[in-house]
Amino acid sequence: MDGMVTIERHILDQEASSPSASGVFSGLLYEIALAGKIIQREVSRAGLIELLGKTGDVNIQGETVAKLDEYSNEVMVRTLSMGNRVCLMGSEEVDDVIIPENGAKQGKYVVCFDPLDGSSNIDANVSIGTIFSIFRRKSELGTLPTREDALQPGSELIGAGYIVYGSSTMLVYTTKGGTVDGFTYDPSVGEFLRSHQNIRTPETGRIYSVNEGNVQYWERGIQQFLVGVKAEDKARKRPYAHRYIGSLVADFHRNLLYGGIFLYPRNVRGGKKNNGKLRLLYEAMPLAMVAVNAGGGASTGRMPILDVQPTELHQRVPLIIGSRNDVDEAVRFIAAEEEE
Ligand code: P6P
């Protein structure tokens with residue numbers, strides 16, 4: 001019966017059912033769940049213990065660092081450094097890769113993470129989240145890892161997921177070729193209990209999530225796609241509802257369960273040309289693995305997110321993710337309106 005299966009039990013059952021699984025990977029997932037419990041405790045009482053607000057520092061993204069950002073990063077780094085499972089980490093909060101002393105040579109795994117995404121919403125008590133990608137190292141065991149160990153495409157992911165700190169705290173994760181499963185945190189027992197087994201996202205949604213304030217800067221295909229989802233079409237249950245919290249994990253999680261499409265397009269005009277805002281390795285890629293394993297889709301608009309070969313630790317990428325039919329339609333619009 002669900003609600004009685006802890007994440008630890010679930011991980012052990014998965015390990016038992018996949019001969020190639022090793023206890024080391026299971027141990028790594030425990031460590032991420034532990035980090036989530038510790039971060040949840042501080043997020044839930046941040047207002048009471050003055051953890052709200054900014055430190056005044058600025059991170060590599062040029063964003064002012066919130067105290068909870070810094071704290072969450074520390075928790076992830078320390079927790080993942082505890083065992084000797086992780087040889088290298090990449091964090092949204094840290095310019096360069098992090099090589100834990102005890103795991104460097106013997107650690108089999110690489111973890112890239114955004115310790116607390118959506119942190120600009122912390123003071124307003126909006127749901128925020130931790131997002132993580134797990135790779136096997138590429139460098140030889142016994143040697144020191146290099147940044148190349150982190151620069152792997154999503155097709156090499158062996159696990160990915162997120163923790164959303166909202167009205168309840170939920171950990172959602174998936175493994176290579178595996179199901180997507182959700183675990184809701186019960187503070188009274190201090191456990192993540194399985195609440196959503198084998199999450200499947202609706203093939204077609206009824207929600208679109210995008211910051212339309214920037215629509216003038218986007219390519220024509222995106223603009224035309226958005227006109228379509230807002231036009232009345234009873235057969236296609238349109239117009240879609242517009243839902244945008246401005247916190248990626250919260251917007252993604254809602255659309256995963258209810259069906260819908262989230263877009264963070266790149267700017268192509270108006271002097272604000274860029275490659276989008278969201279980062280590939282620890283935002284777009286892990287959520288793409290979750291979306292795809294739940295039956296959804298994830299694209300840059302020109303190629304599947306999971307096929308993108310990272311060249312930089314903090315590189316950004318345009319993101320279109322969610323219900324497969326909606327993502328496919330947006331990609332078709334971009335192709336049809338391809339601008340020189
Ligand atoms: P905008 C939060 O700062 C974040 O990184 C994501 O969580 C969120 O989806 C996005 O930025 C919101 O960006 O430009 O719409 O405010």
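Each ligand, and each atom within it, is numbered from 1 in the order the structure gives.
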Undergrad: F113 vs N73, test: side-chain contact (heavy atoms from CB on, under 4.5 Å). Steps then yes/no.
TA: CA-CA 9 Å; F113 54 84; N73 184 61; 3.5 Å; yes
Undergrad: Could you list which atoms of ligand 1 come closer than 4.0 Å to a heavy atom of D117?
TA: 5 (O), 6 (C), 7 (O)
Undergrad: Establish whether M89 and Y162 are linked, either directly or via other cluster members, by ILVMFWY side-chain heavy-atom contacts under 4.5 Å.
TA: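 As far as the 4.5 Å side-chain criterion goes, Y162 and M89 are not connected within one cluster.
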Undergrad: Please could you name the atoms of ligand 1 that L248 approaches to less than 4.0 Å, counting only its heavy atoms?
TA: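 Those qualifying, in numeric order: 6 (C), 7 (O), 8 (C), 9 (O).
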Undergrad: Can you sort out which atoms of ligand 1 are near Y264, meaning under 4.0 Å from one of its heavy atoms?
TA: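 Listed by number with element, the hits are 1 (P), 13 (O), 14 (O), 15 (O).
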Undergrad: Measure from the side-chain N and O atoms of R194 to the backbone N and O of D181, and report whether any donor-acceptor pair falls under 3.5 Å.
TA: no
Undergrad: State whether R332 and D328 are salt-bridged, where the test is any N-O pair (Lys NZ or Arg NE/NH1/NH2 against Asp/Glu carboxylate O) under 4.0 Å.
TA: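 No, this pair does not count.
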Undergrad: Establish whether L313 and F132 are linked, either directly or via other cluster members, by ILVMFWY side-chain heavy-atom contacts under 4.5 Å.
TA: no
Undergrad: Geometry only, no angles: is Y244 polar-contacting ligand 1 at N/O separations under 3.5 Å?
TA: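 Yes: some nitrogen or oxygen of Y244 is under 3.5 Å from one in ligand 1.
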Undergrad: Quick one: nearest non-hydrogen protein atom to atom 16 (O) of ligand 1, plus distance?
TA: K277 NZ, 3.9 Å
Undergrad: Which bit of N211 is near ligand 1, meaning a heavy atom under 4.0 Å away: side chain, backbone, both or neither?
TA: side chain
